[in-house]
Q: 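If you scroll down you'll find the structure; I have some questions about it.
Start at 1 and go down the list; that is how both ligands and their atoms are numbered.
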Amino acid sequence: MVQAIVGANWGDEGKGKITDMLAQEADIIVRFQGGANAGHTIVNSYGKFALHTLPSGVFNDHTTNIIGNGVALNIPVLFNEIKSITDKNVPMPKLLVSDRAQMVMPYHIKLDEYEEERLAGKSFGSTKSGIAPFYSDKYAKIGFQVSELFDEASLKEKIERVIVQKNVILEHLYHKPTLKVDEIFDTLMEYKSMVEPYVCDVSAYLYEAIKEGKNILLEGQLGSLKDPDHGIYPMVTSSSTLAAYGAIGAGIPPYEIKKIITVCKAYSSAVGAGAFVSEIFGDEADELRRRGGDGGEYGATTGRPRRMGWFDCVASKYGCRIQGTTDVAFTVLDVLGYLDEIPVCIGYEIGGEITTDFPTTTKLEKAKPVIKTLPGWKSDIRGIRNYEELPENCRNYIEFIEEQIGFPITMVSNGPGRDDIIYRKK
Ligand code: GDP
């Protein structure tokens, strides 16, 4: 069976933890989109890890980890990450890389940096991982697939062709050093020697795995609201963050995705620019940021402080719907135990009208939150394993949100560890 684990919001919902937890029963975990621009934080018996490129199954020796064709593959980052986990005594993971995955080129990262520099204060808040230039090139059909590393003559000829255009931009728009064919070729040959043992026809591999009834997880990055089509364009990422894209980015039939677990955090956080209706500021935000997640709400890749807000029912209802949610995993609930009262955004007021439907970006910019306040539970809920043992106000909070978003919350996460989970029968 194929299951997808995806985010309902702006990312950082705790997908890494849920994936790591479900990975214990998974034969295969596939990354299907995104690149090293975001990260999952995973806490387990080996320690605490920030994974950017590796699938979250790398801690289980029985799981095969796959980088699908939809990923922006940064080969040096991938190999540094493998080293960072094996250095902490995690056994070398079983890894396969799609021969159709495209590679982040060194100049993608440079172009990302130069563009942020040029835009200065008007930037999109890029993590400068080269993701936007990478996907631009992919769809402009001047990207490089892993498979192309194995035909050196045509590779060199293609580099020559592609860098003509890059050099015009580097020289005349950014006034920076230009690219040289031999340097790029040599770098790609280094990439080849690193990646060669793992290269695989992933869609063929998964076709067989599905036939054999293997348990497969598709691991999403970021969340619904960062999707280039359905999110808060243009403050989005460059590849689709939706479960549906899992079929394309892994190379499997869409109808094989039987379960879509959408991860929703008990409050909101976001990184980068863009409308964030339930955002809070000042001391209120600082306190939630400091207490949030596991050691504070700071970017796993960048260390940037995240923007904070109360739970947004409008955004989350939409985020769950657009994913095609079958199950909601409601996470980081333990963090809210300090609050006397918990504000929740239950609607948007746009031009004097109240709606619970998530609008397009132009309207979103004008939305004001409609807030309802629920009583807090004022206690530490970590360690609880049965839903009925949660304080009444805590259950009320969960059930109120479940009703608002309209999708079943079947898992409640009350701590960063693998075992900090409460299953609800639905
Ligand atoms: P992801 O990209 O969606 O995986 O999100 P992050 O890596 O930002 O994960 C969110 C953070 O919250 C990480 O530091 C996790 O260890 C932590 N975390 C996940 N679930 C829980 C939870 O239920 N409670 C607490 N306190 N922390 C959690």
Q: Does at least one non-hydrogen atom of D420 fall below 4.0 angstrom from an atom of ligand 1?
A: no

Q: Measuring from the heavy atoms of E297, does anything fall under 4.0 Å of ligand 1?
A: no

Q: Pairs of nitrogen or oxygen atoms closer than 3.5 Å, one from G415 and one from ligand 1: do any exist?
A: yes

Q: Salt-bridge test for K176 and E113: reply yes if a basic N is under 4.0 Å from a carboxylate O, no otherwise.
A: no

Q: We want to know whether T331 and K17 form a side-chain donor-acceptor pair, criterion being a heavy-atom distance below 3.5 angstrom.
A: no

Q: At a non-hydrogen distance cut-off of under 4.0 Å, which region of R382 contacts ligand 1 (side chain, backbone, both, or neither)?
A: side chain

Q: When you compare ligand 1 with S413, is there at least one nitrogen or oxygen pair between them that comes in under 3.5 angstrom?
A: yes

Q: Which of the numbered atoms in ligand 1 are under 4.0 angstrom from any heavy atom belonging to K17?
A: 19 (C), 20 (N)

Q: Under 3.5 Å between some N or O of ligand 1 and some N or O of G11?
A: no

Q: Taking only heavy atoms of D294, which atoms of ligand 1 are found under 4.0 Å from at least one of them?
A: 12 (O), 14 (O), 16 (O), 17 (C), 27 (N)

Q: I'd like to know if the side chain of T410 pairs up with that of D327 as donor and acceptor (distance under 3.5 Å, no hydrogens or angles considered).
A: yes

Q: Could you check whether Q323 and T325, counting side-chain N and O atoms only, form a donor-acceptor pair closer than 3.5 Å?
A: no

Q: Applying a strict 4.0 Å limit to heavy atoms, is R306 in contact with ligand 1?
A: yes

Q: Counting heavy atoms only, which of K15, K48, H52 is nearest atom 3 (O) of ligand 1?
A: K15

Q: Can you list the ligand 1 atoms lying under 4.0 Å from a non-hydrogen atom of G16?
A: 1 (P), 4 (O)

Q: Are E287 and R291 close enough for a salt bridge, meaning some N to O gap below 4.0 Å?
A: yes

Q: Is R118 salt-bridged to E115, cutoff N-O under 4.0 Å?
A: yes

Q: Before accepting this row, confirm whether a basic side-chain N of the pair D201/R100 lies closer than 4.0 Å to the acidic partner's carboxylate O.
A: no

Q: Do G14 and ligand 1 have an N or O pair less than 3.5 Å apart?
A: yes

Q: Using a 4.0 Å cutoff against the non-hydrogen atoms of V335, which atoms of ligand 1 qualify?
A: 26 (N)

Q: Should the proximity of T19 to ligand 1, defined as any heavy atom under 4.0 Å, be assigned to the side chain, the backbone, both, or neither?
A: neither

Q: Using 4.0 Å as the upper bound for N to carboxylate O, is an ion pair formed by R382 and D420?
A: no

Q: Can the ring centres of F311 and Y397 be said to be less than 6.0 Å apart?
A: no

